[in-house]
Amino acid sequence: MARQGDIFLGLDLFMHGTAQNRDLLLHMRKRGVEIHFIVYDILPVLRPDVFPPGSAPGFARWLDCIGEVSDGLLCISRAVADEVHDWLQRHPPSRQQPLQLGYFHLGADLEASAPTRGLPVDAPQILDALKQRPSFLMVGTIEPRKGYAQTLAAFDLLWQQGTDVNLVIVGKQGWLVEAIIKHLKEHTEKGKRLFWLAGVSDEMLQHLYQGCSALLASSEGEGFGLPLIEAAQHGLPLIVRNLPVFEEVAGQYAHYFSGLEGKDLAQAVQAWLSLHVAGQAPQSKQMPWLTWQQSAEQFKVVIFEHKWHRQYVPQQGAR
C-alpha cells in the first residue's frame with residue numbers, strides 16, 4: 001500500500017496504462033506519495049509527420065496525464081526539459097501547483113554491461129574497405145527523423161563529384177522509410193562504398209567505431225544522442241546537426257552543420273575533410289560522459305536534493 005513519503009517513479013513510456021490509472025495516481029499523490037515520470041523525448045507531438053499516423057494523439061494524452069498527476073518530470077537532457085516546459089505552456093494540463101522539471105544524462109559504459117559478441121561473415125571485407133578511404137558512420141534505426149534521406153542524397157552528390165568516401169549505416173528498418181530502403185538495397189555503391197548493416201553485435205559496432213573516420217549524426221530530433229558518446233569513447237570525430245541536444249552533449253568537441261538539403265550536408269562533409277587533413281577538425285577524445293553509476297547519482301541528486309532545472313507554472317485561469 002503506497003503511503004506518505006513513498007516515491008512512485010514511471011521509468012518507461014507506458015502511455016495507455018498511465019492514462020487509465022490517472023485517478024489512482026492522483027489519489028496516491030493526495031496521500032503524500034511523490035509522483036515522478038521519466039521523459040525521454042516528446043518528438044511524437046513535436047514532429048508528428050515523422051511518426052506512424054495516430055502516434056501524436058495518444059502521446060499527447062500521456063503528456064497531459066503526467067502533467068496533471070506528477071510532482072516532477074525527469075528528462076534525459078536539458079533540451080528535452082525545455083521542450084516539455086514549452087509544450088506544457090502551449091497545452092496546459094489541469095493543475096494549480098507548479099510542476100518541477102529536471103534532467104539527467106544517460107550512462108554510456110558499454111563494457112560494464114553484457115555486450116553482445118560475434119562478427120558478420122563479411123566483416124573482414126567491410127573493415128578492409130574502411131582502411132581504403134575516409135569512412136563516415138551512422139548509428140540508429142532507419143526512420144524519417146534520423147536524416148538518412150538527406151545523408152544518402154549528400155553522399156550521392158559527393159560520389160558524383162568524385163569524392164572517394166565510404167558511408168556505413170548501422171540500424172534496422174523502421175517506419176515510413178520504404179523509399180530509403182529501396183534506395184539502399186538497389187544502390188550501385190552497395191557493398192563498395194555504401195554499407196548497410198541492419199543488425200550487428202556490440203563487438204562489430206566497436207570495430208566500426210574504431211575503424212571509421214567520423215560519426216555522422218544528421219538526425220532532425222533526438223532526446224539525447226548516445227552514439228555521440230559511444231563514438232567519443234573511441235576518439236571518433238563527430239559531425240552533427242546543430243540541434244540543442246547535440247550541442248548540450250558534445251559541446252565544443254563536434255563539427256556542426258545546418259540545413260536539410262543533400263547539398264548542405266555534402267558541403268559540411270567536404271568542409272570537415274578539409275579541416276581533418278589540416279589537423280584542425282574538432283576532436284572528441286576529451287568529451288565528458290557519464291557511467292551508468294554516475295547517471296544514477298545525477299538522477300538521485302535531482303529527486304532527493306531537489307536540484308530541479310526549472311518549473312512549469314500554471315497560468316492563471318488554466319483549466
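Values below: every heavy atom of this structure, side chains too, minus hydrogens, waters and symmetry copies. In this chain, residues are counted from 1 in sequence order.
With a 4.5 Å cut-off on side-chain heavy atoms, His207 and Leu119 count as touching. Side-chain contact between Leu73 and His36: absent, with no pair of heavy atoms (C-beta onward) separated by less than 4.5 Å. The shortest distance between side-chain heavy atoms of Asp264 and Gln150 falls below 4.5 Å.
In summary, the aromatic rings of Phe8 and Phe37 are positioned with their centroids under 6.0 Å apart. For Trp272 and Phe136, the ring centers sit closer than 6.0 Å to each other. Ring pair Trp62/His91: centre-to-centre distance not below 6.0 Å.
Salt bridge Arg310/Asp82: present, at least one basic N to carboxylate O contact under 4.0 Å. Salt-bridge check for Asp64 with Arg22: passed, with a basic side-chain N closer than 4.0 Å to an acidic carboxylate O. Under a 4.0 Å N-O distance rule, the pair Asp164/Arg193 qualifies as a salt bridge. Classification of Glu186 and Lys182 as a salt-bridged pair holds, one side-chain N sitting under 4.0 Å from a carboxylate O.
Partner of His105 under the side chain to side chain donor-acceptor pair (under 3.5 Å) criterion, out of Gln294, Arg78, Glu248, Gln298: Glu248 alone.
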Evaluate the criterion side chain to side chain contact (heavy atoms under 4.5 Å, CB included) for residue pair His255 and Leu275; output intermediate values, then yes/no.
CA-CA 10 Å; His255 179 80; Leu275 290 171; 3.7 Å; yes
Give the C-alpha distance, both sets of side-chain angles, the deciding distance and a yes or no for side chain to side chain contact (heavy atoms under 4.5 Å, CB included) between Phe59 and Ile42.
CA-CA 8 Å; Phe59 197 91; Ile42 60 169; 3.9 Å; yes
Chi angles and distances behind the salt bridge (Lys or Arg N to Asp or Glu O under 4.0 Å) call for Glu222, Arg241
CA-CA 11 Å; Glu222 290 289 342; Arg241 190 182 302 279; over 6 Å; no
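Placement of Phe246 and Leu238 within a single hydrophobic cluster is found when ILVMFWY residues are connected by side-chain heavy-atom separations under 4.5 Å, directly or transitively.
The aromatic rings of His183 and His187 lie tilted to each other, with the angle between the two planes from 30° to 60°.
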